[in-house]
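Small disclaimer: the values here were computed from a predicted structure and weren't measured. All values below come from the heavy atoms of this structure, side chains included, with hydrogens, waters and symmetry mates left out. Within every chain, numbering begins at 1; the chains are lettered A, B, ... in the order of the sequence lines, protein sequences first and strands thereafter.
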Amino acid sequence: MSDHSGHRDASREILDWGRLATFDGPPEILERARRQLAAYATAGADSLDRRRFLQLTAASMALMGLAACGPEVDPRDRQPYVEQPVGIVPGRPRYYATATAPHGYGEGVLIEHQMGRPIKVEGNPDHPASLGATSAIGQATILSLYDPFRAQALTLDGSISSWPAFATAMIERRRSLLAQHGRGLALLTGTVTSPTLIEQIETLRRDFPELRWYRWEAVDRDEARAGAQLAYGRPVDLLPNFAAADVILAIESDFLESAPGHLKFARDFASRRRASEVKGRMSRLYALESTPTLAGAKADHGLAMSPDEIQTALRRLAGSLGAGPSEWSGLAHARGQALDAIAADLRGAHGRALVHVGACQSAEVHALGAALNHALGAHATCLSMIEPVGAEPRESSHGIVDLTEAVSRGQVDTLVVLADNPVYGAPADLDFARALRRVPFSIYLGESADETAEAVHWHVPRSHEYEAWSDVRAFDGTLAIQQPQIRPRGERRSAHELLEVISGQTTPDGLAIVRQHWQMRARESGVRDFDAYWTQALRAGVAPDTAAQRIEVTPRADLSSQLAPRPAPAATAPPASGEPSAAPSTAAARPAPGAPPPVTILFRPDIYLWDGRFADNGWLQEMGRPFTRLTWDNAALVSPRTARRLELSSADLVEIDLGGRRLQAPVWVLPGQADDCVTLPLGYGRRRAGPVGQDVGFDAYTLRTRSTLWQTSGAILRKLADRRHQFASIQHESHTLGRDLVREGTLGQFLANPRFASYGHSDASLYPRYPYPGIAWGMSINLDACIGCHACVTACQAENNSPVVGKTEVIRDREMHWLRIDRYYEGSPEEPATVFQPVPCMQCENAPCEVVCPVHATVHDSEGINDMVYNRCVGTRFCSNNCPYKVRRFNFFAYTASDPRPRESWNPEVTVRGRGVMEKCTYCVQRTRTAMIAADRDNRRVQDGEVKTACQQACPTEAIVFGDQNDAASAVARRKASPLDYAMLGALNTRPRTTYEALIRNPNPALASNGTPRSARSGEATLPAAGGRETGDA
Amino acid sequence: MAAIFTRRANLFTQIALALLVLGGLFFLALVWGVPLMNYNTQVSFTPRQPVPFSHKHHVSGLGIDCRYCHDSVELASNAGMPPTETCMTCHSQVWTNAAILEPVRASLAEHKPLRWESVYTLPDYVFFDHSIHIAKGVGCTECHGPIGDMPLTYKATTLYMSWCLNCHRNPAPHLRPLKAVFDPHWRRTASTPSGKELMAIYRIHPKTLTDCSVCHR
Amino acid sequence: MSAHAKPYGLVGEFRTPEEAAAVARELRDAGLTRWDIYGPAPLEEIEHAVPTRRGVAVTLVMFAAAIAGACWGYFIQYWDAVIDFPINVGGRPLDGWPGFVPSAWEICALFTVYFGFFAFLAASRLPRLHHPIFAVPRFDRATQDRFFVGVEAIDERYDAARVREIFARHGVVEASEIAA
Amino acid sequence: MPERPAELGYDGPVIGPEQDFSSVTASLSDLVLEKRTPRWWYAGAAISGALFVLFIIACIWTFVGGVGVWGVNIPVAWGFALANYVWWIGIASGGTFISSLFYLVGSDWRNGVNRTAESLTLFAAAAAGMMPILHLGRQGLFYWLFPYSTVMGVWPQFLSPLLWDFFALLCYVLTSIVFWYIGLIPDCATLRDRATTRGKQVFYGVLALGWRGSARDWRAYKAAYLIMAGIMAPMVVSVHSIVGLDFAAGLIAGWHSTQWPPYFFIGALYSGWAVVLALMIPLRRLYSLERIVTERHLDVIAKLMLATGLMLAYCYLMEAMEPFYSGDPTKVTEYMASAFGHYGATFWARNTLNIFIPQLLWLPAVRRNKVALALISVGIVAGMWIERYNFVVSALSQDYIPSKWGYFGGTFWDWAILIGSAGLVLFGFFIFIRLLPVVSMFEIREIIHKRRPDTGTSTRPAGDT
């Protein structure tokens, strides 16, 4: 597990496709899994058979293959291979490189295999979009791979059919299509970055000249594209360099959460934010946003303003920075002073300043951003441009709107849908489902039997990205091959294979398709030994120097005249077809007399479910949202002031009336939300999904029309009297209430007095300190670097077999995450300063939990880890009561037994806990122990960095560092030597091994008064008294 | 007044008391004794195997090294059960049509794994690693008993945690030079270095060996 | 009363403890040892009249039990936690003796009470459901409101006539000789 | 008996002047041997029996479903079970304390009530004993708290307050059984000798172990009983102090305080008195024991209850003072939360029932109004449970880390266990009052004898033929 950080390539291998484990006949396996787990639900030994099944029997792979035909296997069986695959060492993990593309752009990953089964996702350090890190979604993909409810059977009009049947039908269809040169043949895809797929489409065009290719993503980057078009007169992708920027202006920016390349951006950004390392070189971040983003949370000055105000603000900045007509600098704005200060700061940082605009902003704002960047001289230093990575259909009109119109004009008789669930995400005013039903011959390639699958004739189950061959480009164009980690189950096929059928090949072979394309590429780039090239690309997980070429373009001079003379009113999203439009929203409803004043609606993707495609993923559903801390729900987010005005409080049910379209939604009062702006997170309220995702939350798409994809004004909120919603929030109190949890200060304070945050530390004790002569594992968490993305939490859940407990149990405060990220607010509820604090087990040297355990179930080991011995635990729960950090979790029910995931997906290195057992973070003791055994085998000491905890490995910003704190040279020892190092609740003298580096902000002195006053002991001063629960709680 | 109880009542009382005492003692005996009974620990039990494989014949007789079949024992937690191929390396030449080897041939022919009944079964929350024990000079026979002389393999030790602790608390007597680890008939001789010396060579620190996380994760 | 059967002894029934106590004193002075008073409650005058060491014996047993219990209670804890399997629990010292005291005390109490109970049974030879003396007429009132003085025949100084005479002098209600 | 014996008055003797050996023996043993089972007994036994069944069902459900069927969560990992436990063990302690301490100080009124109190102890301790096992995550493995290491070679962790608690409870239950039984032996002998049917004779005969009331046996008996009493008194104190340590030894701000051991013990006595009164008042009337359990008894216990209540009030004040004196924000928040926060209602309920209302006992009029006294006692019993509930739950719900604050709410099964356990105790009590003398006969005889040494015995030759 540890070794790929060292001699990496040796540990990554090429999957032997012929020998891949398969899940043929999963029902038996899953059935058995559930039965067996249930059988042991009550004992600590519940996973007994599971692990033997997984680890001790070398034949579990073979068994997978045989499960369908063989009788039930006695768990006491040892089943050796018949022929042992080369290189397989039972009980040793192996790593295979591939890539995941949660938003269409590739992120390189390494998949850990145990006995041929993919178990865990890690980032690929060699991949530019990963750099070894992963996102929460990336971590969770492994669960989707094992989702037992994904479609397996190919269906025709809802009834099970077979691949041959489909192939024959398709071939017939093909004949008639050939006859009419492909007239009526339409292709609907999402974002396409796979060169192989593009080539296939081009090939299709050769056979079917009149093929029409449409593109649709429910949550797309059209605005950015249109903005670039507007600003540069041509499509480009922007590559910001946050490591080079001293001053950053983020316009509701997604650069820390979802923008292509966000993992790299986060890494770069953090590299300039860890105060103890960069000292005076710490960068400064401003954020203007209508609804809180992670960037806003990290901002030194976050200003909440409505979309209109944002646009005005940008014009004003443009005016005063020479990026637009100077009269703009006079534009009236509520936050004028602040803006001027920002402008001054940006001007001062000329050449080292950067403006980044989020995908949800209108094309105009993007254009303004481009102009600002140009004026600030960012293009040379902080910003570079490349040809767009995502393929653009050559059709002039290729939006879903055009498709729907074409269908209604009867111009489409054969529709191949590769896009992800368009029926669910399409604009509500299109009624795309009806259109789809009118298509005589429609095919949908989708992972589950979702809303779209029910509206088409043929539903071909789509193979998971870890089940099929493909390739994908990253945000910077770098190419990676996606190799299957496991054999697809049932009739699953990839997009490549489906298109291959359309072009006449009835038994497509994904590997052949991709390989063929790559051979062509290789030939073009003059590679002699293709096999070596291919092998190397697979092993490394990236194809050498495939990054897109930089291009030099500058914003057109007449940009400002292109923009509407006056700041356009709100709700100016162009139709999906992509050309910019500043036309005011048509959907805006006129408020009826006496009705409450209208508000602006913002449609935003949910940070974890995205556009809804991950709704079936239990880990992501149960992940607390960074700001609302909600699980299993979305909510209409309103600002505290607006809530007061509308007499709303959290969990009230409201009816949102938008030009006649009505939607009932529960309200959540969210600090930092712009006034009179209501954010409706997308991706919930799936009508047809797996048991996990179905009917969770409300479906905001029902209000989203073609012209108001991102925002619209004129909505009326009507409170539904005395009806409240029950939320499952995992954090009920939002303030530190003056407790010594988070220590923070300003850069000024820090430079003036580096030790300002180290105080009140007493080591006095009646007892002699326990000696740890050998290794002493320790962890340091840098609060400057933590962006609250929850990648670590998901990684922990994946590594440590944490179960999903479901909404009702979360409501009872029984969630099982070992690592949580506390979110605290300071300052005014309107524009609070946000603090993210990851809290794993502190591994106290004077552990309060251990002393109260009557059975030695939690005790210390010689490396100072606070062991939790599940099989010894009788479940008194005193340890949890006595833990001042409340990091212990208890199996109140047999959660693991009732978890639907197949048991072969659990991590065999970690005990699966049964009912009535306490559990908690152990610094991934399975990893430390494996590393120590490896080192001990050849009588050496464990190297620094040889073992990484799951959270540390996933963290994009290197906020978490783990290692031997006795070794002065180790990274963790160096971190702990920082003057900012402090122990949470240190006064209790628990001597935690996990310590924090105090949070340093870098506010603009000119703005010190604004927004967020703070002192080293921030909290007391600016906070409401105890129980300030205005973030609400069901 | 007529006495309620006859003389016999006293006898009954005494018998009852005696039974009470005996019962108590018997209960205690059960509590401590039953877990140690072979019936419970399966020690010296010989499970039925598809093929009556004899370690005595292959190891002591033919002198085949343990690692020839259990090839991952030095590399990984798992010693590894030999794939059918391994059996067939020889048995495609010798005993090619012995009846008792039919299952092996069948396995190869039908590409179905042999199903051995496991002899040593650890509970699932115990993470035992063969490789480190081998590397630290713990011979196979320390846990597997006189495996080299077993015509049919039987369980030689209880695998109770208390049994593990015996060695983890005081490893010295159970250590041997590395070259002797796989020797099923090894005996300590005058020339063999003492357990203390071996502990020094292997850098074994017994204090750390009883940490819970050594085996429980 | 049967002449041939070896008699258990002579039992006299009295109304008041004073009478019984007076009889007791005479028997004691006469040097008899195998006699006893049976009454419904432990009353001072009777206690004073009847010489016995049983109370002391029981007390000593209980004291010994208390010491033994306390020592054993402490020892098992010390041996388990410090000698047999020392484990670092929350950085506390292995020999956290103050933490061993409560359990040790409880075990001490347990021992004392139980050995006290057994000592009492042993001292008074209980349980013994059958006893010759139950044959005495109206002996049931020994546990209600009457007092009986029983003199055993096996006492070498036993002389039925003399005993009857003593009984009579102290207003015996009825004196009856019963079989063993 | 239709006509009801007259009361003796609150300053009157602890035993009716006309009572002698024969009469107390007769009246008390006839309750068991002769009296036809009264209707109220059937009613009471039926109701409490039904609750007992509910308790059994709730236990089974908890075993099958796991403690998840309760409202417990993280942070509030302890809920009803612990509150019930502390409550019952407290009630038990009260009983033992009456019979042991007041035996040592030789107060004569004690002999009228100790039997009832001890029996109560027994059943309350049984109910208390169930709770710690029930609340375990893996109930079947509770035996790992015994020092037993044949298989695993691991011992219990003796520094854990829970382990002290385990030993304390175990020893306490075992010892109180013996203490209770040894007190019964002479009375069983009496019943054996008065019993008219063979069955009863054998039943009580076996229980009496052949007791003959020999003076030498009496000496051994009294020696053993005296020392037992001498051990039980401090034991009760230690047991409940250890229960207090379960919390005091914790780090939770609301628990981490040295005052809990005495605080808990005082609370225990308080509930002990209250329960004895609550049961004695109706019992002496239903069994017409007015001449044996006299108004004097009630008065004494009522006064004791008042005194203990004042001590408890002092503890409450200390509880309030400590956080503010220490100035620790966590402790302050926690106290304010318990007083005015989510659980404020329980806080004020406990103060009202345990402190404010009982102050009425200053007034002789109230003290001597049996209905009022019974009601106040019942109020205190309830109040003590509420106190424990508030104490356990509110401290946990808001401790050091605000982000993990959370609240507890009892589920149906929580309530079922609480009410059911009351059923267990009452049912046992009903069985007891039917099978055994509710007042220790031989000890009453001792008082009678002490009272009139000259005429210790029956004047009229009762039962002479």
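Contacts of D:Tyr181 with chain C are made by side-chain atoms alone, with heavy-atom separations under 4.5 Å and no backbone atom involved. For D:Val24, no part lies near chain C; criterion is any non-hydrogen pair under 4.5 Å. Contact annotation for D:Ile242: only side-chain heavy atoms (C-beta onward) come within less than 4.5 Å of a heavy atom of chain C. Contact annotation for C:Ile37: both backbone and side-chain heavy atoms come within less than 4.5 Å of a heavy atom of chain D. Proximity to chain C (any heavy atom under 4.5 Å) is restricted, for D:Ile185, to the side chain, taken from C-beta onward. Residue D:Pro161 does not touch chain C at all, counting heavy-atom pairs closer than 4.5 Å. If you measure heavy-atom distances from C:Phe117 to chain D, the contacts under 4.5 Å come from both the backbone and the side chain. Looking at C:Thr112, only its side chain comes within 4.5 Å of chain D, counting heavy atoms on both sides. The part of C:Trp79 that comes within reach of chain D is its side chain, from C-beta onward, which places non-hydrogen atoms under 4.5 angstrom from that chain.
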request  = Run the numbers on D:Ser238 and C:Glu106 for side-chain hydrogen bond (donor to acceptor under 3.5 Å, both in side chains), then give the verdict.
outcome  = CA-CA 8 Å; D:Ser238 76; C:Glu106 301 300 340; 2.8 Å; yes
ask   = Where do D:Thr190 and D:Asp187 land on the side-chain hydrogen bond (donor to acceptor under 3.5 Å, both in side chains) test, with the steps shown first?
value = CA-CA 5 Å; D:Thr190 310; D:Asp187 284 1; 4.5 Å; no
ask   = After noting the C-alpha distance and the side-chain angles of C:Phe167 and C:Phe14, does the key distance pass the ring-ring contact (aromatic ring centres under 6.0 Å, His included) rule?
value = CA-CA 9 Å; C:Phe167 283 178; C:Phe14 299 85; 5.6 Å; yes
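Between chain D and the residues C:Arg92, C:Gln144, C:Gln77, the most heavy-atom pairs under 4.5 angstrom are made by C:Gln144. Of the listed residues (D:Arg194, D:Met228, D:Arg216), the greatest number of heavy-atom pairs within a distance under 4.5 Å of chain C belongs to D:Arg216. Ranked by heavy-atom pairs under 4.5 Å with chain D, the first of C:Val89, C:Ile76, C:Val101 is C:Val89. Ranked by heavy-atom pairs shorter than 4.5 Å toward chain C, the options D:Tyr172, D:Trp164, D:Tyr225 are led by D:Trp164. The most heavy-atom pairs under 4.5 Å with chain D, out of C:Gly39, C:Ala119, C:Ala123, come from C:Gly39. Of all the listed residues (D:Lys222, D:Gln157, D:Arg445), the one sharing the greatest number of non-hydrogen pairs under 4.5 Å with chain C is D:Arg445. Between chain D and the residues C:Val50, C:Thr52, C:Asp80, the most heavy-atom pairs under 4.5 angstrom are made by C:Asp80. When the candidates D:Met441, D:Met235, D:Met232 are compared by the number of heavy-atom contacts under 4.5 Å with chain C, D:Met235 comes out ahead. No other option in C:Ile107, C:Leu121, C:Ile133, C:Ile87 has as many heavy-atom pairs under 4.5 Å with chain D as C:Ile107. The most heavy-atom pairs under 4.5 Å with chain D, out of C:Ile46, C:Leu43, C:Thr59, C:Asp36, come from C:Asp36.
Less than 6.0 angstrom separates the ring centroid of C:Tyr74 from the ring centroid of C:Phe100. In this structure, D:Phe166 has its ring center closer than 6.0 angstrom to the ring center of D:Phe146. Aromatic rings from D:Phe179 and D:Tyr103 are positioned such that their centres are separated by 6.0 Å or more.
With a 6.0 Å radius and a threshold of 12 heavy atoms from other residues, nucleotides or ligands, C:Arg169 has its CZ atom above the threshold.
Judged by distance alone, the side chain of C:Arg15 and the main-chain N or O of C:Asp145 form no donor-acceptor pair under 3.5 Å.
The shortest distance between side-chain heavy atoms of D:Ile292 and D:Ile444 falls below 4.5 Å.
Ring pair D:Phe264/D:His240 is tilted by interplanar angle, where 30° to 60° counts as tilted. Classified by interplanar angle (parallel below 30°, tilted 30° to 60°, perpendicular above 60°), the ring pair D:Trp211/D:Tyr221 is tilted.
Between the side chains of D:Asp246 and D:Tyr85, no donor-acceptor pair of N or O atoms lies under 3.5 Å.
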